[in-house]
Amino acid sequence: MSPSVMARCNFIRLVAFFCLLGAGCKTADKAPSANQVAVVPGADGAVLVGKWLQGCIAAQSQSVLSSMTFNANGTWTSSVKMFADGSCASPVYEMITEGTYVTGQILAAGTAMDRTSTKVSEVFFLDSQITANNQAGYRGYRNWTKGVPFTRPAEIPVQYDIFRIEGDLLRLGKVSQVAGSANDGLTPQTRPTEISTQMKPLTRQ
(Lines give C-alpha, C1' and ligand atoms only; values in the text may rest on other atoms or scores of the structure.)
Protein backbone atom coordinates (compact mmCIF):
# COMPACT_ATOMS: atom_id res chain seq x y z
CA MET A 1 0.00 0.00 0.00
CA SER A 2 1.44 3.38 -0.98
CA PRO A 3 1.98 6.13 1.65
CA SER A 4 -0.69 8.25 0.00
CA VAL A 5 -3.26 5.49 0.34
CA MET A 6 -2.17 4.81 3.92
CA ALA A 7 -2.60 8.49 4.76
CA ARG A 8 -6.16 8.44 3.52
CA CYS A 9 -6.90 5.17 5.30
CA ASN A 10 -6.12 6.90 8.60
CA PHE A 11 -9.29 8.91 8.04
CA ILE A 12 -11.62 5.98 7.29
CA ARG A 13 -13.38 6.00 10.66
CA LEU A 14 -13.67 9.77 10.64
CA VAL A 15 -15.25 10.01 7.19
CA ALA A 16 -17.41 6.88 7.29
CA PHE A 17 -20.51 9.02 7.73
CA PHE A 18 -19.49 11.44 4.98
CA CYS A 19 -18.97 9.04 2.06
CA LEU A 20 -22.58 9.45 1.02
CA LEU A 21 -21.73 13.07 0.10
CA GLY A 22 -19.58 11.74 -2.73
CA ALA A 23 -19.12 8.53 -4.66
CA GLY A 24 -16.96 5.46 -4.39
CA CYS A 25 -17.28 4.41 -0.74
CA LYS A 26 -19.41 1.28 -1.01
CA THR A 27 -18.00 -2.16 -0.19
CA ALA A 28 -19.06 -5.77 -0.78
CA ASP A 29 -21.43 -7.02 -3.47
CA LYS A 30 -24.68 -8.65 -2.40
CA ALA A 31 -28.17 -8.77 -3.86
CA PRO A 32 -30.25 -5.88 -2.46
CA SER A 33 -33.72 -6.23 -0.97
CA ALA A 34 -36.63 -4.03 -2.00
CA ASN A 35 -38.01 -1.36 0.33
CA GLN A 36 -38.66 1.86 -1.57
CA VAL A 37 -39.89 3.41 -4.81
CA ALA A 38 -38.11 5.55 -7.39
CA VAL A 39 -37.95 9.33 -7.43
CA VAL A 40 -40.32 11.33 -9.62
CA PRO A 41 -38.11 13.18 -12.16
CA GLY A 42 -38.70 16.88 -12.57
CA ALA A 43 -40.31 17.45 -9.18
CA ASP A 44 -39.66 20.72 -7.36
CA GLY A 45 -36.18 20.80 -5.80
CA ALA A 46 -35.97 24.57 -5.32
CA VAL A 47 -35.86 24.18 -1.55
CA LEU A 48 -32.44 22.53 -1.91
CA VAL A 49 -30.83 25.25 -4.04
CA GLY A 50 -27.82 26.86 -2.36
CA LYS A 51 -24.69 25.88 -0.47
CA TRP A 52 -24.81 23.69 2.64
CA LEU A 53 -21.88 23.35 5.02
CA GLN A 54 -21.35 20.60 7.56
CA GLY A 55 -18.60 22.46 9.37
CA CYS A 56 -15.37 21.22 10.90
CA ILE A 57 -15.68 17.91 12.74
CA ALA A 58 -12.71 16.62 14.74
CA ALA A 59 -11.84 13.10 15.87
CA GLN A 60 -8.58 11.58 17.10
CA SER A 61 -6.55 14.76 16.35
CA GLN A 62 -7.84 14.80 12.78
CA SER A 63 -10.75 16.61 11.18
CA VAL A 64 -13.00 16.83 8.15
CA LEU A 65 -14.91 19.67 6.47
CA SER A 66 -17.81 18.81 4.16
CA SER A 67 -20.14 20.82 1.95
CA MET A 68 -22.78 20.34 -0.73
CA THR A 69 -24.03 22.82 -3.33
CA PHE A 70 -27.27 22.38 -5.28
CA ASN A 71 -27.83 24.64 -8.29
CA ALA A 72 -31.12 25.72 -9.87
CA ASN A 73 -30.12 24.10 -13.18
CA GLY A 74 -30.16 20.63 -11.60
CA THR A 75 -26.42 20.26 -11.04
CA TRP A 76 -24.73 19.61 -7.71
CA THR A 77 -21.23 19.37 -6.21
CA SER A 78 -19.89 18.08 -2.93
CA SER A 79 -16.57 18.40 -1.17
CA VAL A 80 -15.12 16.24 1.60
CA LYS A 81 -11.80 17.71 2.77
CA MET A 82 -9.65 15.96 5.35
CA PHE A 83 -7.06 17.52 7.66
CA ALA A 84 -4.13 16.29 9.76
CA ASP A 85 -5.15 18.38 12.77
CA GLY A 86 -8.26 18.86 14.87
CA SER A 87 -9.24 22.30 13.60
CA CYS A 88 -9.39 21.92 9.80
CA ALA A 89 -6.19 23.93 9.30
CA SER A 90 -3.74 21.44 7.72
CA PRO A 91 -5.30 19.88 4.60
CA VAL A 92 -4.28 16.38 3.55
CA TYR A 93 -6.82 15.20 0.99
CA GLU A 94 -10.00 16.38 -0.72
CA MET A 95 -12.63 14.54 -2.76
CA ILE A 96 -14.88 16.66 -4.99
CA THR A 97 -17.91 15.11 -6.67
CA GLU A 98 -19.97 16.68 -9.46
CA GLY A 99 -23.20 15.63 -11.14
CA THR A 100 -26.93 16.24 -11.47
CA TYR A 101 -29.89 15.67 -9.15
CA VAL A 102 -33.66 15.32 -9.12
CA THR A 103 -36.07 15.33 -6.19
CA GLY A 104 -39.55 13.93 -5.98
CA GLN A 105 -41.86 11.79 -3.92
CA ILE A 106 -42.43 12.81 -0.31
CA LEU A 107 -41.90 9.74 1.84
CA ALA A 108 -42.53 9.09 5.53
CA ALA A 109 -39.07 10.24 6.67
CA GLY A 110 -38.24 12.80 3.99
CA THR A 111 -38.23 13.62 0.27
CA ALA A 112 -36.68 11.26 -2.27
CA MET A 113 -33.58 12.56 -4.06
CA ASP A 114 -31.45 10.93 -6.76
CA ARG A 115 -27.92 12.29 -7.14
CA THR A 116 -26.12 11.28 -10.34
CA SER A 117 -22.34 11.58 -10.06
CA THR A 118 -20.56 12.20 -13.34
CA LYS A 119 -17.02 12.78 -12.11
CA VAL A 120 -14.89 12.72 -8.98
CA SER A 121 -11.76 14.79 -8.40
CA GLU A 122 -9.04 13.91 -5.90
CA VAL A 123 -6.62 16.47 -4.49
CA PHE A 124 -3.53 15.74 -2.35
CA PHE A 125 -1.84 18.46 -0.32
CA LEU A 126 1.37 16.86 0.98
CA ASP A 127 4.66 16.56 -0.93
CA SER A 128 5.11 13.02 0.40
CA GLN A 129 1.73 12.01 -1.04
CA ILE A 130 2.56 13.46 -4.46
CA THR A 131 5.91 11.65 -4.55
CA ALA A 132 4.29 8.35 -3.58
CA ASN A 133 1.47 8.79 -6.08
CA ASN A 134 3.86 9.44 -8.95
CA GLN A 135 6.15 6.58 -8.01
CA ALA A 136 3.27 4.12 -7.74
CA GLY A 137 1.31 5.45 -10.70
CA TYR A 138 -1.74 5.92 -8.49
CA ARG A 139 -4.91 5.81 -10.60
CA GLY A 140 -2.64 5.01 -13.56
CA TYR A 141 -1.29 8.56 -13.49
CA ARG A 142 2.29 9.70 -12.82
CA ASN A 143 1.97 13.46 -13.09
CA TRP A 144 0.27 14.34 -9.81
CA THR A 145 0.79 17.91 -8.59
CA LYS A 146 0.22 19.14 -5.04
CA GLY A 147 -3.10 20.95 -4.71
CA VAL A 148 -4.17 20.21 -8.30
CA PRO A 149 -7.28 18.00 -8.78
CA PHE A 150 -7.09 14.75 -10.74
CA THR A 151 -10.50 13.98 -12.25
CA ARG A 152 -11.92 10.55 -13.05
CA PRO A 153 -15.35 9.02 -13.72
CA ALA A 154 -17.46 8.39 -10.64
CA GLU A 155 -17.44 4.81 -9.36
CA ILE A 156 -21.02 5.02 -8.09
CA PRO A 157 -23.13 6.64 -10.86
CA VAL A 158 -26.33 7.23 -8.85
CA GLN A 159 -27.05 7.61 -5.12
CA TYR A 160 -30.71 7.05 -4.23
CA ASP A 161 -31.25 9.04 -1.05
CA ILE A 162 -33.78 11.00 0.97
CA PHE A 163 -33.48 14.42 2.58
CA ARG A 164 -35.33 16.58 5.07
CA ILE A 165 -34.93 20.32 5.63
CA GLU A 166 -35.57 21.70 9.10
CA GLY A 167 -35.21 25.48 9.01
CA ASP A 168 -31.62 26.08 7.88
CA LEU A 169 -30.57 22.46 8.42
CA LEU A 170 -30.31 19.78 5.73
CA ARG A 171 -30.51 16.18 6.93
CA LEU A 172 -29.74 13.22 4.66
CA GLY A 173 -30.80 9.60 4.72
CA LYS A 174 -29.24 6.82 6.76
CA VAL A 175 -27.27 5.18 3.94
CA SER A 176 -25.25 2.05 4.59
CA GLN A 177 -21.68 1.97 3.25
CA VAL A 178 -21.97 -1.80 2.70
CA ALA A 179 -23.22 -2.65 -0.80
CA GLY A 180 -26.07 -5.12 -0.70
CA SER A 181 -27.57 -3.74 2.52
CA ALA A 182 -31.27 -2.95 2.57
CA ASN A 183 -30.49 0.78 2.75
CA ASP A 184 -27.31 1.01 0.64
CA GLY A 185 -28.92 3.58 -1.70
CA LEU A 186 -27.54 1.92 -4.83
CA THR A 187 -30.98 1.21 -6.31
CA PRO A 188 -34.44 2.78 -5.98
CA GLN A 189 -35.46 -0.37 -4.09
CA THR A 190 -32.74 0.12 -1.46
CA ARG A 191 -33.30 3.83 -0.90
CA PRO A 192 -32.93 4.60 2.84
CA THR A 193 -36.20 4.88 4.73
CA GLU A 194 -35.02 7.00 7.66
CA ILE A 195 -32.96 10.14 8.24
CA SER A 196 -29.48 9.62 9.68
CA THR A 197 -29.09 10.47 13.35
CA GLN A 198 -25.32 9.84 13.32
CA MET A 199 -24.38 12.25 10.57
CA LYS A 200 -24.19 15.92 11.55
CA PRO A 201 -26.70 17.97 9.47
CA LEU A 202 -25.51 20.55 6.97
CA THR A 203 -26.31 24.23 7.54
CA ARG A 204 -27.50 26.59 4.81
CA GLN A 205 -24.92 29.26 3.98
Side-chain angles (χ1 to χ4, degrees), residues 1-27 49-71 73-101 115-159 161 170 172 175 177-179 185 198-205:
M1 181 180 293
S2 70
S4 61
V5 175
M6 291 179 65
R8 287 188 293 122
C9 285
N10 291 333
F11 289 95
I12 290 299
R13 291 183 180 178
L14 181 61
V15 302
F17 302 136
F18 308 99
C19 284
L20 56 86
L21 297 181
C25 297
K26 302 294 191 225
T27 59
V49 173
K51 183 174 182 179
W52 303 82
L53 182 67
Q54 198 163 42
C56 186
I57 299 176
Q60 299 178 348
S61 299
Q62 299 167 337
S63 53
V64 63
L65 185 65
S66 304
S67 67
M68 300 183 79
T69 300
F70 295 92
N71 302 307
N73 64 358
T75 61
W76 76 286
T77 61
S78 74
S79 167
V80 179
K81 194 170 187 178
M82 290 166 274
F83 301 81
D85 64 280
S87 58
C88 293
S90 301
V92 172
Y93 172 79
E94 182 177 16
M95 180 177 68
I96 303 167
T97 305
E98 301 177 48
T100 59
Y101 73 98
R115 300 195 307 274
T116 298
S117 300
T118 54
K119 60 184 179 180
V120 175
S121 299
E122 294 181 277
V123 188
F124 292 88
F125 297 97
L126 302 182
D127 290 328
S128 59
Q129 294 173 319
I130 299 304
T131 298
N133 281 357
N134 289 330
Q135 289 178 346
Y138 179 61
R139 299 285 186 192
Y141 187 61
R142 295 183 181 274
N143 194 30
W144 290 85
T145 302
K146 183 170 69 173
V148 178
F150 173 76
T151 302
R152 56 182 173 83
E155 296 172 4
I156 299 176
V158 184
Q159 180 77 63
D161 203 351
L170 169 62
L172 299 175
V175 179
Q177 293 306 309
V178 178
Q198 297 173 306
M199 181 178 175
K200 180 180 178 180
L202 293 88
T203 302
R204 188 187 294 275
Q205 300 301 291

- prompt: Which residue pairs pass the salt bridge (Lys or Arg N to Asp or Glu O under 4.0 Å) test when at least one of the two sits in residues 55-68, sequence neighbours left out?
  reply: none
field: Nearest heavy atoms of Ile57 and Cys88, plus distance in Å
entry: N-SG, 4.4 Å
message: So which atom in Ile130 and which in Thr145 form the shortest heavy-atom distance, rounded to 0.1 Å?
response: CD1-C, 3.7 Å
- request: Might you work through the side chain to side chain contact (heavy atoms under 4.5 Å, CB included) test for Gln129 and Val92, ending with a clear yes or no?
  value: CA-CA 9 Å; Gln129 294 173 319; Val92 172; 3.1 Å; yes
- prompt: Which residues pass the salt bridge (Lys or Arg N to Asp or Glu O under 4.0 Å) test with Lys51, sequence neighbours left out?
  reply: none
task: On the 0 to 90° scale, with breaks at 30° and 60°, tag the Tyr101-Phe70 ring pair as parallel, tilted or perpendicular.
output: perpendicular
Min side-chain heavy-atom separation Thr97-Val120 under 4.5 Å: yes
- request: Can you sort out the partners of Asn71 under side chain to side chain donor-acceptor pair (under 3.5 Å), two or more places apart, ordered by chain and number?
  value: Thr75
message: Going by side chain to side chain contact (heavy atoms under 4.5 Å, CB included), name the residues that satisfy it together with Ser61, two or more places apart in sequence or in a different chain.
response: none
task: For the pair Thr118 (side chain) and Glu98 (backbone), establish whether a donor and an acceptor sit closer than 3.5 Å, ignoring hydrogens and angles.
output: yes
Any donor-acceptor N or O pair under 3.5 Å, side chains Tyr138, Glu122: yes
Shortest non-hydrogen contact between Trp52 and Gly50, atoms and distance: CD1-O, 3.6 Å
message: Can you confirm whether Arg204 sits close enough to Leu170 that some side-chain heavy atom of one is under 4.5 Å from a side-chain heavy atom of the other?
response: no
- request: Search all heavy atoms of Ala89 against all heavy atoms of Pro91 and return the closest pair with its distance.
  value: O-CD, 3.3 Å
message: Using a 3.5 Å distance criterion without hydrogens, assess whether the side chain of Glu155 forms a donor-acceptor pair with backbone atoms of Pro153.
response: no
Aromatic plane relationship, Phe124 with Tyr93 - under 30° parallel, 30 to 60° tilted, over 60° perpendicular: tilted
- prompt: What pairs with Lys119 under side chain to side chain donor-acceptor pair (under 3.5 Å), at least two apart in sequence or on another chain?
  reply: none
query: What residues form a side chain to side chain donor-acceptor pair (under 3.5 Å) with Thr151, not counting sequence neighbours?
result: Ser121
- request: For residues Ser63 and Ser87, report the shortest heavy-atom separation together with the two atoms involved.
  value: OG-N, 3.8 Å
task: Please round to the nearest 0.5 Å and tell me the distance separating atom CE of Met199 and atom OG of Ser66.
output: 6.5 Å
field: Least distance between heavy atoms, Arg142 atom then Asn134 atom
entry: NH1-O, 2.9 Å
field: Check: Gln62 side chain, Met82 main-chain N or O, donor-acceptor pair, under 3.5 Å
entry: no
task: First locate atom CE of Met95, then atom OG of Ser78, and finally report the distance between them rounded to the nearest 0.5 Å.
output: 6.0 Å
- request: Could you tell me which residues satisfy side chain to side chain donor-acceptor pair (under 3.5 Å) with Asn143, sequence neighbours excluded, listed by chain and number?
  value: none
- request: Please check if the side chain of Trp76 supplies one atom and the backbone of Thr116 the other of a donor-acceptor pair under 3.5 Å.
  value: yes
query: Looking at residues at least two apart in the chain, or sitting in another chain, which of them share a side chain to side chain contact (heavy atoms under 4.5 Å, CB included) with Thr131?
result: Gln135
